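A, B, ... follow the sequence lines: proteins, then strands. Residue 1 opens every chain. Since we're looking at a predicted model, the values are computed, not measured. Values below: all heavy atoms of this structure, side chains included; hydrogens, waters and symmetry mates excluded.
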Amino acid sequence: MATSKVTTASFDAEVLKSTTPVLVDFWAEWCGPCRAVGPILEEISDEYGSKIKIVKLNTDEESAIAIKYGITSIPSMYVFVNGEVVKQMVGAKPKPALLKELESFLV
Amino acid sequence: MSEVRNVVIVGSGPAGYTAAIYAARAQLNPIIYEGSVTAGGALMNTTEVENFPGFTDGVMGPDLMDSMRKQAKRFGAELITDDIVEMDLSGDIKILKDGSGNTVKAKSVILATGSAYREIGLVNEKRLSGHGVSWCATCDGFFFRGQTIAVVGGGDSAVEEATFLTRFADKVVLIHRRDSLRASKIMAERAKANPKIEFLWNTEVIDVLGADKVEGLKLRNTIDGTESEQAFTGLFVAIGHIPRSELLIGQITLDNEGYVICEGRSTRTNLAGVFACGDLVDHTYRQAITAAGSGCAAALDAEKFLAH
């Protein structure tokens with residue numbers, strides 16, 4: 001399935017209360033590496049959408065959440081399980097490297 | 001895939017795309033691996049490029065790369081947004097494997113993988129990466145609005161980043177281990193005239209302080225060795241680059257810093273049919289225009305090689 005957009009308003013329901021692991025992609029339009037990793041996250045979402053939900057949070061529009069999680073570099077990709085951050089990845093990575101990082105959530 | 005291509009280009013900054021433009025116009029039907037997350041190269045993380053000839057009013061780095069990419073495509077270069085993860089360059093037929101597991105064979109290879117950011121090499125620099133330590137001012141400057149941050153380095157990229165970061169930060173302190181900048185005069189003067197930029201000369205960063213986020217830096221004076229601490233909420237590291245030659249170790253002759261060694265003024269490496277260009281070979285100039293020039297030379301060298 002395609003990735004979806006998450007906002008400050010929907011963060012609680014979409015991320016914190018999700019029953020499946022959620023990868024939140026903190027990104028912004030002006031950030032080159034974010035645009036580079038975007039299509040890779042779409043592919044992973046298409047292939048593994050039943051195991052992990054991938055949502056995109058625009059740090060420009062939704063700065064409250066970005067501040068709450070102390071984001072200072074984008075792209076940052078945080079995995080949430082049961083409302084807790086269980087994994088933090090900073091910087092664009094090629095698909096095989098991302099899949100390896102996410103291995104434990106995709107089985 | 002059993003088809004043998006004339007030329008495979010690995011990497012896609014100004015060097016890779018220029019090689020692709022020339023090779024495509026020479027009807028060599030090139031295939032270029034742009035990199036899955038590095039397509040466009042280092043200029044993708046810059047803003048205004050003021051010194052690329054032909055652009056009277058400057059051009060945005062990403063726009064320049066997009067134009068080069070389209071120009072390569074226009075002449076028929078095949079663009080693949082993936083990485084090369086393995087290369088066997090020793091034989092007459094070069095064998096390369098991409099990140100999706102596909103194999104491509106070619107009679108010649110042009111290496112244009114550029115360079116990666118150099119790290120200071122501190123444990124806490126790595127630990128706090130993404131929590132105040134950054135390598136990309138254009139990506140992350142926004143998060144430091146109204147704050148006091150440090151940029152370490154003294155070259156063009158450090159000065160460009162410091163200047164860019166004053167759009168957001170209240171104060172930017174440029175920390176440099178020498179007493180003068182290596183950056184071009186015009187950029188250095190601009191930074192010195194900027195009231196938000198302060199300079200800490202003869203100073204090196206020896207530790208990054210903070211539990212969960214950057215709270216300060218431990219500094220050492222390079223002349224008298226005195227150590228001090230100063231509060232910062234962000235650290236941008238711009239101390240240069242290292243060539244991305246890790247896949248070439250053991251195959252291609254590299255110098256002791258990892259740059260590919262070319263024969264004389266050519267782009268020929270020690271292996272027949274393998275050419276190298278751009279930041280991967282360049283200790284000295286490291287400009288978009290010199291990279292483009294060497295990409296052109298690599299395509300011409302490859303064309304000549306293929307004709308024999």
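In this structure, Lys73(B) places its NZ atom where only 12 or fewer heavy-atom neighbours from other residues, nucleotides or ligands lie under 6.0 Å away.
Interface remark: Ile67(A) contributes no atoms to any contact with chain B (heavy atom separation under 4.5 Å). If you measure heavy-atom distances from Ala92(A) to chain B, the contacts under 4.5 Å come from both the backbone and the side chain. With a 4.5 angstrom heavy-atom cutoff, Ile74(A) touches chain B via backbone and side-chain atoms both. Proximity to chain A (any heavy atom under 4.5 Å) is restricted, for Val133(B), to the backbone atoms N, CA, C and O. For Pro96(A), the part lying under 4.5 angstrom from a heavy atom of chain B is the side chain only.
Remark: side-chain polar atoms of Ser134(B) are not paired, donor with acceptor, to backbone N or O of Ser73(A) under 3.5 angstrom.
One finds the SG atom of Cys31(A) at 10.5 Å from the CE atom of Met44(B) (value rounded to the nearest 0.5 Å). Separating the CZ atom in Phe143(B) from the OG1 atom in Thr59(A) is a distance of 3.5 Å, to the nearest 0.5 Å.
For the options Thr81(B), Asp140(B), Thr138(B), heavy-atom pairs under 4.5 Å to chain A are most numerous at Asp140(B). Ranked by non-hydrogen atom pairs under 4.5 Å with chain B, the options Gln88(A), Lys95(A), Arg35(A) are led by Gln88(A).
Residues Asn45(B) and Pro33(A) form a side-chain contact, since some pair of their non-hydrogen atoms from C-beta on lies under 4.5 Å apart.
Under the side-chain contact (heavy atoms from CB on, under 4.5 Å) test applied with Val37(B), the options Pro39(A), Pro75(A), Pro94(A), Cys34(A) reduce to a single match, Pro94(A).
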